[in-house]
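This is a predicted model, so every value here is computed, not measured.
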Amino acid sequence: MTGLIDHADSAGNAGRYGEGDVQWMTAGGGIVHGEMFPLVHSHKPNHLGLFQIWLNLPAKSKMVKPSFAMFWNNDIPIYKSDDDKSSVHVWAGNYFNMGSVQNKPPPDSWASDPNNDVAIMHIKIQPGGKLTIPKANKNGVNRSMYLIEGYTNGVIVDGKEISNKVCLEMDATKDVVIEVPESSSEQTKFLLLQGKSIGEPVAQHGPFVMNTQQEIKGVFMDYQRTQFGGWPWPRDDMIFPQDKGRFALVDGKETRPPAVLDDDEQKKEEL
């Protein structure tokens with residue numbers, strides 16, 4: 001949401017993203033990657049605010065080919081209430097009647113099947129604002145919502161007052177109303193995660209997630225033998241040039257977000 005991150009991986013993909021961009025990587029059969037924090041500003045702090053969200057894969061997809069996708073901030077579907085007091089960045093999922101503008105996850109992700117109804121939403125509500133979160137599109141969906149920031153005077157979720165940073169287990173079969181009192185001193189932010197359960201056993205060690213401990217041992221042996229393709233970059237903590245700007249390098253092709261004038265450039269244009 002704030003700041004920039006430099007990505008590099010063993011498949012040769014790379015990128016600098018931030019300020020609302022979303023990077024989606026499917027590790028699949030194995031990939032080594034680094035997420036570093038470039039100091040691109042020398043005249044002001046290099047603040048960083050991000051979520052790193054891990055989504056499991058079913059056994060049938062554990063060893064798929066790794067994939068990488070970048071969604072620039074101007075491509076992210078954003079719902080705004082009529083009074084501008086509520087907004088939702090819909091990072092994944094088909095919600096708030098945005099239709100074809102929904103971003104598509106990588107093809108082998110659990111989120112790529114609409115029947116799994118995976119949704120990831122960043123919700124912001126200003127003092128005096130109200131938002132109705134629609135019920136899930138499918139039955140049998142798990143839904144959790146984290147109150148992550150701005151709880152000074154309490155907020156109302158489904159008629160109950162919440163005044164702490166909490167994870168709320170939601171009933172996904174019904175609409176839920178969130179209200180932030182006018183007396184609140186700041187906006188309140190939530191992170192909503194939902195989807196159907198994969199319904200398989202989980203074995204995890206370090207960054208590796210499989211179905212059994214025996215499979216975990218096999219993954220370690222595979223990594224020791226292959227290094228998942230090795231590291232093609234000149235340094236372990238790969239940082240790109242300070243003035244590189246935001247970019248995505250995927251399968252040897254580099255793309256950039258649409259050019260947007262920053263404040264200084266906008267002032268020059270106006271002059």
Contacts satisfying side-chain hydrogen bond (donor to acceptor under 3.5 Å, both in side chains) that involve residues 234-248 (not counting sequence neighbours) are Asp21-Arg246, Arg235-Asp237, Lys244-Glu254

Could I get the full list of side chain to side chain donor-acceptor pair (under 3.5 Å) partners for Gln52, not counting sequence neighbours?
Trp54

Who pairs with Phe240 by ring-ring contact (aromatic ring centres under 6.0 Å, His included), at least two apart in sequence or on another chain?
Trp233, Phe247

Can a salt bridge be assigned to the pair Lys65 and Asp108 using a cut-off of 4.0 Å between side-chain N and carboxylate O?
no

Do Glu200 and Asn211 have side-chain atoms, one donor and one acceptor, less than 3.5 Å apart?
yes

Does Tyr223 have any ring-ring contact (aromatic ring centres under 6.0 Å, His included) partners at least two apart in sequence or in another chain, and if so, which?
Phe228

Results of side chain to side chain contact (heavy atoms under 4.5 Å, CB included) for Leu168 - residues two or more places apart only
Met145, Val157, Ile162, Val166, Met170

Looking at Asn13 and Asp251, would you say the former's side chain and the latter's main chain have a donor-acceptor pair under 3.5 Å?
yes

Quick one: are the ring centres of Tyr79 and His89 less than 6.0 Å apart?
no

Would Lys135 and Asp175 count as a salt bridge (charged side-chain N to carboxylate O under 4.0 Å, His left out) if you check the C-alpha gap in whole Å, the side-chain angles of each, and the deciding distance to 0.1 Å?
CA-CA 5 Å; Lys135 66 182 181 180; Asp175 295 348; over 6 Å; no

Taking Ser109 for its side chain and Pro106 for its backbone only, find out whether a donor-acceptor pair lies under 3.5 Å.
no

Got a donor-acceptor contact below 3.5 angstrom from the Tyr95 side chain to the Ile120 backbone?
no

Separation of Trp110 CH2 from Asn116 CG (nearest 0.5 Å):
4.0 Å

Examine distances only and state if a side-chain atom of Ser61 and a backbone atom of Leu57 form a donor-acceptor pair shorter than 3.5 Å.
no

Is the distance between the ring centroids of Phe68 and His33 less than 6.0 Å?
no

Just to verify, what does His122 make a ring-ring contact (aromatic ring centres under 6.0 Å, His included) with, not counting sequence neighbours?
Phe51, Trp91

